[in-house]
Amino acid sequence: MIDVKPDHDGNGVTAVINDFDLGETLDCGQAFRWIRTDENTYTGAFLDAPLTITQNGNSFYFHNTSLEEFENIWYDYFDLGTDYNDIKQRLLSDPTLAKACAFAGGIRLLKQDLWECLCSFIISQNNNIPRIKGIIKRLCEHYEHFPSAEELSLETVSSLDYLRAGFRAKYIIDASQKFSSGIVSLDILEELDTDSARKQLMLIKGVGPKVADCVLLFGMHRTDAFPKDVWIKRVMEEYYPDGLPECTKGIEGIAQQYLFHYIRNLENI
DNA sequence: TTCCAGGCGTATC
DNA sequence: GATACGCATGGA
């Protein structure tokens with residue numbers, strides 16, 4: 001279990017968490033709304049719950065957070081009930097994954113909101129991370145929060161011009177309409193196995209296999225989903241021409257995050 | 001100027 | 001089912 005201590009004045013919570021690095025987790029391309037405000041500090045939100053969090057080694061300070069909020073929101077969001085050391089030990093049997101885990105062993109898989117995830121990864125297609133962040137920032141500033149599917153379903157392609165999202169605007173509209181009308185919903189997806197849920201998500205225009213897998217992995221914590229983007233396709237050609245190693249079975253998506261971060265930074269290692 | 005970015009829809013075979 | 005091409009935008 002995690003060692004958690006609320007402040008005496010009740011302003012924040014300190015938690016000792018192993019296998020966790022803020023930069024590696026919040027800036028590795030799984031979430032786009034966290035902003036680094038200081039060397040060891042990030043600010044962001046889950047749904048409408050804001051958070052500022054500071055790291056010193058394996059000690060984390062959750063600013064302006066009650067013990068109740070920590071337990072009800074952030075414990076799950078940061079997947080603190082999962083022992084990532086166990087996971088990394090499993091992956092060590094593969095030499096490439098061993099290197100990837102050694103490079104960024106502080107990555108944790110966030111449990112994000114499904115709708116935000118869907119929207120974000122629709123925007124991500126054929127796009128780069130700084131520009132994805134820019135589009136989502138403009139979206140949130142416009143609404144003063146991440147807009148719901150209901151709110152976005154009232155928009156049109158031209159009313160979204162300010163996003164400068166290009167051809168993706170029509171996909172955002174279609175997703176908002178299918179999501180707010182219940183054609184695609186968390187309730188439906190939760191009942192389905194990963195392959196069926198992927199097909200259901202792909203009913204949305206602009207959602208193909210890769211975006212669907214990102215939504216399953218980051219928005220529903222389906223760790224068997226394995227999004228194949230351009231970077232991961234390079235990893236597969238280079239290191240796994242015959243497929244993923246056995247040690248990734250059931251946690252392919254977590255392995256994917258270590259590999260994605262590793263390959264993107266190879267020239268800097 | 002050209003190429004590329006956490007892809008996908010469409011046309012064509 | 002596989003493959004080729006266009007797509008909005010902006011940084012390198």
Side-chain angles (χ1 to χ4, degrees), chain A residues 23-34 44 100 103-104 107-110 112-139 141-142 155-179 184 195 197-240 244 248 252-268:
Chain A
E24 291 171 9
T25 297
L26 301 177
D27 242 348
C28 68
Q30 61 174 322
F32 303 100
R33 221 149 53 102
W34 290 92
F103 173 66
I107 293 177
R108 304 182 75 91
L109 196 64
L110 300 172
Q112 301 183 64
D113 174 61
L114 178 68
W115 166 247
E116 179 178 333
C117 226
L118 175 57
C119 246
S120 298
F121 282 94
I122 283 172
I123 292 166
S124 79
Q125 70 176 264
N126 199 32
N127 213 341
N128 57 61
I129 291 178
R131 215 172 82 82
I132 297 163
K133 287 182 177 175
I135 292 168
I136 293 171
K137 181 164 178 281
R138 289 190 283 279
L139 183 64
E141 283 174 353
H142 184 83
E155 301 288 354
T156 62
V157 168
S158 56
S159 77
L160 292 180
D161 279 349
Y162 71 95
L163 288 178
R164 305 199 296 281
F167 63 87
R168 306 165 192 85
K170 57 183 177 291
Y171 300 150
I172 296 170
I173 301 286
D174 189 61
S176 69
Q177 291 171 351
K178 289 204 167 72
F179 209 81
V184 177
D195 285 339
R198 182 184 300 108
K199 284 179 189 161
Q200 189 72 21
L201 282 164
M202 286 170 61
L203 294 176
I204 297 165
K205 291 276 185 190
V207 177
K210 191 273 175 180
V211 169
D213 277 343
C214 284
V215 175
L216 291 167
L217 181 61
F218 304 128
M220 294 184 68
H221 208 74
R222 295 287 180 98
T223 58
D224 55 331
F226 186 76
K228 291 192 202 68
D229 73 316
V230 289
W231 293 94
I232 291 296
K233 283 174 184 167
R234 284 171 210 164
V235 171
M236 296 306 289
E237 285 174 17
E238 174 87 16
Y239 300 102
Y240 305 112
L244 286 172
T248 63
E252 292 89 343
I254 298 176
Q256 195 266 14
Q257 274 307 99
Y258 291 123
L259 290 170
F260 176 76
H261 194 64
Y262 178 62
I263 195 75
R264 273 172 54 91
N265 289 281
L266 252 190
E267 65 269 21
N268 303 327

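Below, read A as the first sequence line, B as the second, and so on, with proteins coming before strands; counting in each chain starts at 1.
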* Asked: Just checking A:P130: base, sugar-phosphate only, or nothing, at a heavy-atom cut-off of under 4.0 Å?
  -> nothing
* To do: Using atom NZ of A:K210 as one end and atom C1' of B:dG6 as the other, report the distance to the nearest whole Å.
  => 3 Å
* To do: Would you kindly say whether A:E116 and A:S120 are connected by a side-chain donor-acceptor distance under 3.5 Å?
  => no
* Rounded off to whole Å, could you give me the CG-to-P distance for the A:N128 and B:dC3 pair? => 17 Å
* Mind checking the CG-CZ spacing from A:D213 to A:F218? Nearest 0.5 Å is all I need. => 10.0 Å
* In whole angstroms, how far is the P atom of B:dG7 from the CD1 atom of A:I132? -> 7 Å
* Separation of atom CZ in A:F167 from atom P in B:dG9, rounded to whole Å -> 10 Å
* Starting at NZ of A:K170 and ending at C1' of B:dC8, how long is that distance when rounded to a whole Å? -> 10 Å
* To do: For A:G206, report the nucleic acid contact type (base, sugar-phosphate, nothing); a contact means any heavy atom under 4.0 Å.
  => sugar-phosphate
* P spacing across the pair B:dG6 / C:dA4, given as an integer number of angstrom -> 23 Å
* Asked: C:dC7, B:dC8, B:dG6: which one has an atom nearest the side-chain heavy atoms of A:I129?
  -> B:dG6
* Asked: How long is the line joining CZ of A:R131 and C1' of C:dA12, in whole Å?
  -> 14 Å
* To do: Let me know, please, whether A:C28 or A:I204 comes out on the 5' side of the other along DNA chain B by nearest nucleotide.
  => A:C28
* Asked: Quick one: does A:S124's side chain get under 4.5 Å of A:K210's, heavy atoms only?
  -> yes
* Asked: Is there a donor-acceptor contact under 3.5 Å from the side chain of A:R164 to the main chain of A:G134?
  -> no
* Asked: Looking only at N and O atoms, is any donor in the side chain of A:R164 or the base of C:dT9 less than 3.5 Å from an acceptor on the other one?
  -> no
* Measure from the ring centre of A:F260 to the centre of the six-membered ring in the base of B:dG6, then say whether that distance is under 5.5 Å and the planes meet at under 30°. => yes
* A:I136 CD1 to B:dA5 P, straight-line distance once rounded to whole Å -> 19 Å
* Structure fact -> 5'-most contact on DNA chain B (nearest-nucleotide basis), A:P227 vs A:Y171, goes to A:P227
* Asked: Taking the side chain of A:Q125 as heavy atoms from C-beta outward, which of C:dG10, B:dC8, B:dG6 is closest to it?
  -> B:dC8
* **Nearest-neighbour nucleotide for the A:F121 side chain, C:dG10, B:dG6, B:dC8 considered** => B:dG6
* Would you please indicate if the ring centroids of A:F121 and A:F32 are separated by under 6.0 Å? => yes
* Between C:dG11 and B:dC8, how far apart are the C1' atoms? Round to whole Å, please. => 23 Å
* **C:dC7 to B:dC3 separation - P atoms, rounded to the nearest Å** => 16 Å
* Atom pair distance, as rounded to whole Å: CD in A:Q256 and C1' in B:dG6 -> 8 Å
* To do: May I ask you to verify if any side-chain N or O of A:K133 is less than 4.0 angstrom from the OP1 or OP2 atom of C:dG10?
  => no
* Does the side chain of A:I232 come within less than 4.5 Å of A:F226's, by heavy atoms? -> yes
* Asked: Of all the choices, B:dG6, B:dG9, B:dG7, which nucleotide is nearest to the side chain of A:Q30 once you look at every atom?
  -> B:dG6
* To do: Have a look at A:K228 and say if it touches a base, only the backbone sugar-phosphate, or nothing, with a 4.0 Å heavy-atom cut-off.
  => nothing
